[in-house]
**Student:** 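Here's a structure for you.
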Amino acid sequence: MVKKSLSIVMTVAMASALTLAGCGSESGSKSDTGTKDGSASSSSSEKVTIKMMHLWPSGSSKQQNMIVNDIINEYQTANPNVTIKQEILENEQYKNKLKVLSASNDLPDVGMTWAAGFLEPYVKGQLFAPLDDTLNDGLKDSFVSGTTDAYAIDGKTYALPLELNITPIYYNKAIFSKYNLEVPQTYEQFKQVVSTLESNGVAPIALGNKDRWTGSLWYMYLADRLGGQDTLRNAVARTGSFEDASLVQAAQEVQDLVKANAFNKGFNGLSNDEGKSEFMNGKAAMYMMGTWELPNFTTNETVPQAFRDNVGFFKFPTIDGGKGNIDSWVGGPGVGLFVAENSKVKDEAKKFVKFFVQKWGEQSVTKAGVIPATKVDTSKVNLPQMYIDILNELGKASNITLFADVQMSPSVAQVHLNMIQALFGNEVSPADFAKNHEKALAEQAGK
Amino acid sequence: MDRVMSNKKMIALYVLPAFMLILALIYIPIVLTGYYGLMRWDGIGAMAFIGLDNYSRLVQDADFWQSAYHSFLLALFSAASLIGYLAIALVLSGDVKGANLLRKIYLVPMLLSSVAIAQLWLKIYHPTSGVLNSFLTSIGGSGSVEWLSNTKIVLLAIFIPIIWQYAGFYILIYYAALKNIPSSLIEAARIDGANPWQIAFRVKIPLIANVAKVTVVLAIVGSLKYFDLIYVMTDGGPNGASEVMASYMYHQAFRSFDFGYGSAIGFFLLLICLVITWLIRKLTASGDDIQYS
């Protein structure tokens, strides 16, 4: 009997090991977010320590890490009473740590966050401080217009973006010239390009849709070109319906592309990296991805020079009868800086954030190849041509639609991403695709 | 020494460190998971008590039951594969040439980490440059099976590495148990004229029945809470076609930021595992252990 109950206990132990992952620490007293006004404003002589947490370790993000250190040194030299303490974590660990720290109400004074859906729970929990005063203090005009909107909730901006990305379609010039193909201007021409490549045994488009947001980019562009820049946005914001004819039509177009074998084989089971490698080793002719890939096509020495010279990009073509504009992009800001609401050195932290954003904007693209959310004067910088072209495109962009899975709340985003995978896998009809989105969005709005 | 061991206080002192550790890392989290399961909680903000709402949602959640179905299917496959392992262990424990080497070969997958195994099988299953499709092409097949993106075969494709991963572990357990059988018993059976089949089915297997029961529980409960290879290889996709209960729990908690619901799933999973374990022990209870010595 003892043996028996012992083995049951053992099984309980084994079975429960996995439930461990779900437990965080007890959420502390959330209401205590008021700051002590008197002590917060530091006189210049007072010693101040600002804790900063970021996700650019010197190993995997060497250039970014260097810039951060340069900026911090510069700031500390200019403000000798300020010490900035860094804590650096890898992306996933960073996200987890941020969550744990916020549960114990112990966030760093300055840290990094992502836009919209990621930001929302933190703002609702009153953990981030509004930065409108900093923004209106002469900083607003230096941002590419509209980029700070993604960090705004109920009219207040809670973080200042450092990165900005748009998603062009990259193409392999060598493959295009081999089959006498021109860069398509209209969607009809694009489909022609696809069918020519396909009939010659070249995979037209590289796609790794296990990650799902990759396929979402294609859907978003089709929705934008068919329904215009506001249809999808309105559907997500609940001022419109997801069952709008153009959104259903966009889903139909995705399935037509799949039926025309436009994507590499088995894309639904491949990660983005695996999909990308089809493009990088010349097996696929086109690849749609954010401008964070630009170093791979310009400066990255580990990619063969011959390949880098052969990569060009074009804008997603317009569709006949569609309402979309060719200068409308899918994209969005990457990480942004926040200031913790209950930071004891809030004012000093805000000053530092402002300084950081400005300095970052001057250096990030030249030193790390990261396009900043602040405007870059292309006449003054020395950059590979592809960067100049992209920066110029950014300058004349009519609209930047935020990535759908970032626009939506986390649970709706999961429905969207799963539906994307099902749509590309021909497991759901365009009508049901729209219906499921509508249902998830309506449920979310009702909560 | 005996006096020390009969002293209740001393026993408590020795047991305490391990007990505290288990309590803090296992039992308290279980209780907390149960508690979180009664809340609406996004993992960051304030919690709101909602009673059993998460559980009533769980019962009606078709996606959950689909993932539960996949988990039970995996449990079935794992349990069935035990028969194969037992057969291999029986052969290895006999006087086969090279048994020692074979035993080590079978154990190798155990030594690899799950992520390494996942990467290995991702390469094998790769739709265009994978070993498996190249092999199929070379023997005249079409070689264009999309192992991990075809919703009809992805589940089977992912079960194979999972079962392969644990083969060495179970073979080792059976092997050790079989080696523990006194050779006098087998010799006696041989003298009585038993053939190898009879020795296997009448002597060896009954003698290791207890070990077999434990492995059945291990295999089934292990399958029900299985997570790692699925997370790395398909992430439950495409569109939930390879989702299991643990990955569904993870997605709800860490992707949809629904920690309350995720905790409810975790707690429910624990209950399922407990009930299944109890059932297996009930069904396999056979009175006293067989003793021949």
Side-chain angles (χ1 to χ4, degrees), chain A residues 4 7-8 10-24 26-27 30-31 96 98-99 102-103 117 120-122 124-127 203 209-212 264-271 274 278 283 409-415 417-425 427-428 447, chain B residues 22 25-30 32-33 36 41-47 122 125-128 144-151 154 214 217-218 221-222 224-225 227 233-235 237-241 246 249-259 262-263 266-267 269-270 273-274 277-278 281:
Chain A
K4 192 183 225 172
S7 71
I8 289 177
M10 286 290 287
T11 340
V12 173
M14 284 185 302
S16 60
L18 82 159
T19 56
L20 268 172
C23 82
E26 193 71 47
S27 64
K30 279 285 140 47
S31 53
N96 289 336
L98 200 65
K99 210 173 293 163
S102 56
E120 206 181 315
Y122 292 91
K124 275 193 188 151
Q126 292 180 314
L127 294 163
N209 204 29
K210 185 168 95 183
D211 294 338
R212 306 178 297 175
N264 52 303
K265 242 180 226 159
F267 54 83
N268 254 355
L270 299 178
S271 68
E274 288 171 301
E278 299 286 305
K283 280 190 196 158
S409 68
S411 61
V412 179
Q414 290 309 310
V415 173
L417 293 170
N418 280 336
M419 276 295 114
I420 285 288
Q421 219 173 25
L423 183 72
F424 275 77
E427 289 160 50
V428 66
K447 257 184 201 168
Chain B
I22 291 177
L25 294 177
I26 305 217
Y27 290 100
I28 292 176
I30 289 177
L32 283 178
T33 307
Y36 293 145
W41 186 38
D42 60 10
I44 294 165
M47 293 187 207
L122 279 174
Y125 281 141
H126 194 282
T128 49
S144 63
V145 186
E146 297 171 353
W147 298 103
L148 297 178
S149 57
N150 185 333
T151 48
V154 61
V214 172
V217 173
L218 279 177
V221 174
L224 289 177
K225 68 188 181 71
F227 179 72
M233 285 180 71
T234 63
D235 201 12
N239 190 27
M249 173 188 79
Y250 175 83
H251 286 147
Q252 288 300 323
F254 289 89
R255 292 273 168 78
S256 303
F257 290 105
D258 202 340
F259 279 80
S263 301
F267 201 70
L269 182 50
L270 173 69
C273 289
L274 278 178
T277 311
W278 178 77
R281 298 206 63 94

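Every chain is numbered from 1, with letters handed out A, B, ... down the list of sequences. Note that these values count all heavy atoms, side chains included, but never hydrogens, waters or copies made by symmetry.
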**Student:** Can you tell me how far OG of S411(A) sits from CD of Q252(B), rounded to the nearest 0.5 angstrom?
**Tutor:** 8.5 Å
**Student:** Between A413(A) and chain B, which part of the residue has a heavy atom less than 4.5 Å away: side chain, backbone, both or neither?
**Tutor:** neither
**Student:** If you round to the nearest 0.5 Å, how far is NZ of K265(A) from NE2 of H126(B)?
**Tutor:** 11.5 Å
**Student:** Can you measure from CG (D235(B)) to CD (Q421(A)) and round to the nearest 0.5 angstrom?
**Tutor:** 8.5 Å
**Student:** Identify the two heavy atoms, one from P127(B) and one from G266(A), that lie closest to each other, and give their separation to 0.1 Å.
**Tutor:** CG-CA, 3.9 Å
**Student:** What's the separation between atom CD in E427(A) and atom CG in N239(B), rounded to the nearest 0.5 Å?
**Tutor:** 5.5 Å
**Student:** Against chain A, label T128(B) side chain, backbone, both or neither, depending on which of its atoms sit under 4.5 Å from a heavy atom there.
**Tutor:** side chain
**Student:** Heavy-atom cut-off 4.5 Å, strictly under: side chain, backbone, both or neither for L417(A) against chain B?
**Tutor:** neither
**Student:** Looking at residues at least two apart in the chain, or sitting in another chain, which of them share a side-chain hydrogen bond (donor to acceptor under 3.5 Å, both in side chains) with N209(A)?
**Tutor:** T214(A), N268(A)
**Student:** Under a 4.5 Å cut-off applied to non-hydrogen side-chain atoms, are K99(A) and F257(B) in contact?
**Tutor:** yes
**Student:** How far apart are the closest heavy atoms of K210(A) and M233(B), and which atoms are they?
**Tutor:** NZ-O, 2.9 Å
**Student:** Salt bridge (charged side-chain N to carboxylate O under 4.0 Å, His left out) with K124(A): which residues, sequence neighbours excluded?
**Tutor:** E120(A)
